[in-house]
Amino acid sequence: MSRPVKDYRSRTKVAVRMVMNGILDVKEAEQVLIIFVWIRMAWHNEFLLWNATDFCGLERIYIDKQSLWKPDVLIEETLDKNKAPTGPYLQIKNDGWVSITENNVVISACRMDVYRFPFDIQSCNISFKSIMYRYTEIESLFTHNNTLIMKRNTKMIRTQFEWWFLNMSAINETDRDGFTRIVYTITMKRRPALYIVNFLLPVLFFLCLDLASLLISDTSGEKLSYKITVLLAVTLMQILLNEILPSSDNIPLICKEALRLTLIRPSYLLYMTKNSSN
Ligand SMILES: *[C@@H]1O[C@H](CO)[C@@H](O)[C@H](O)[C@H]1NC(C)=O
Ligand SMILES: *[C@@H]1O[C@H](CO)[C@@H](O)[C@H](O)[C@H]1NC(C)=O
Ligand SMILES: *[C@@H]1O[C@H](CO)[C@@H](O)[C@H](O)[C@H]1NC(C)=O
């Protein structure tokens, strides 16, 4: 039940591999990324070695997960328990490598910047780190190169929500406190089509309507009521859009511009009313 090394000064090698199966949800308001991943964690146990030829060629066995020491490697950014079902067994190979494979729904914290919404690119970190063991006890191995990680991921990914999966890379690093971690960085790009149809085009359309009011003569009272109708339409649309727009500490550029349009319009109206009453 304790760290399986013959000399306590030697480090236990731990390797973690993650492959992403899908992006399930991105909540910009809560700064949360939900992904479905396949995780394989393997570590070396110095006491579980055997010669396959001495045991009729038996190379691997499967035993209950609870019966052996496991590295306490967890995802640092995770906010909630894994909701995907996990298997009850771990695998032991005759060269001493013990491994667990599980599917995982990772609900992770991720800082997102939506300034360029809906043309934004987000990158999120998933870091695997031991809670208790330090660098002197656990060595995070990183055996994949990034081309291989990318190849596997593009093959495995099945659902991407409203995002395009762009890239995934990994590094292993040791921080100042002496903890070692493997950091996967996922980069993805939003599919803007929905927002162009639902948001950008209507705004442009209202802008054209607004300009069309220049064609109406000032003397007939028509112009003012026309302008007010357009203003009401824009306000209504903004109320509806409040739902779909992301919120974060950085307000999207597009919202700032829309706000500017609505702010300018009433002052313009006021100016017009004064002029027509004259
Ligand atoms: C992700 O991890 C890398 C490496 O540790 C770091 O340089 C980068 O700032 C991290 N990104 C975020 C968004 O935390
Ligand atoms: C990163 O992984 C490589 C290859 O497995 C290993 O040699 C190296 O010691 C690791 N670095 C850290 C800081 O753990
Ligand atoms: C990555 O690993 C694969 C297979 O192990 C190898 O064929 C390829 O050359 C490696 N690429 C780089 C950039 O190291």
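D80 and K83 are joined by a salt bridge, as a carboxylate oxygen and a charged side-chain nitrogen come within less than 4.0 angstrom of each other. Using a cutoff of 4.0 Å between basic side-chain nitrogens and carboxylate oxygens, E173 and R181 are scored as salt-bridged. Salt bridge status for E76 with K129: present, with a side-chain N to carboxylate O gap under 4.0 Å. Remark: E28 engages R190 in a salt bridge, criterion side-chain N to carboxylate O under 4.0 Å.
The hydrophobic clustering, which links ILVMFWY residues whose side-chain heavy atoms are closer than 4.5 Å, places F36 and I34 together. Under the 4.5 Å side-chain heavy-atom criterion for Ile, Leu, Val, Met, Phe, Trp and Tyr, F179 and Y184 are members of distinct hydrophobic clusters. Both M188 and M150 are members of a single hydrophobic cluster when ILVMFWY side chains are connected at heavy-atom separations under 4.5 Å. With hydrophobic clusters built from ILVMFWY side chains whose heavy atoms lie under 4.5 angstrom apart, L200 shares a cluster with F117.
No more than 12 heavy atoms of other residues, nucleotides or ligands sit less than 6.0 Å from atom CZ of F205. In K13, the NZ atom is not crowded: 12 or fewer heavy atoms of neighbouring residues, nucleotides or ligands sit closer than 6.0 Å. Around atom NZ of K189, more than 12 heavy atoms belonging to other residues, nucleotides or ligands sit under 6.0 Å away.
If you check the side chains of E77 and S127, you find a donor sitting under 3.5 Å from an acceptor. Side-chain N/O atoms of S140 and T180 include a donor and acceptor closer than 3.5 Å. Counting only N and O atoms by type, the side chains of N146 and S169 include no donor and acceptor under 3.5 Å apart. In summary, the side chains of T185 and N125 do present a donor paired with an acceptor at a separation below 3.5 Å, with no hydrogens or angles considered. Counting only N and O atoms by type, the side chains of E162 and Y195 include a donor and acceptor under 3.5 Å apart.
Of all heavy-atom pairs between L48 and L68, the closest is CD1-CD1, 3.8 Å. The heavy-atom pair separating W69 from M1 by the smallest distance is CD1-O, 3.2 Å.
In this structure, the side chain of N51 does not engage the main chain of D54 through any donor-acceptor pair within 3.5 Å. Between the side chain of Q122 and the main chain of M112, no donor-acceptor pair closer than 3.5 Å is present. Panel note: side chain H44, backbone D95; a donor-acceptor pair is recorded below 3.5 Å. Between the R191 side chain and the W164 main chain, no donor and acceptor come within less than 3.5 Å of each other. Counting only distance, with no hydrogens or angles, the side chain of D175 and the backbone of G178 share a donor-acceptor pair below 3.5 Å.
Under the 4.5 Å side-chain criterion, counting only non-hydrogen atoms from C-beta, N153 is in contact with F165. When side chains are defined from C-beta on, R40 counts as touching Q91, because their heavy atoms get closer than 4.5 Å. Residues I35 and L24 form no side-chain contact, since every pair of their non-hydrogen atoms from C-beta on lies 4.5 Å or further apart.
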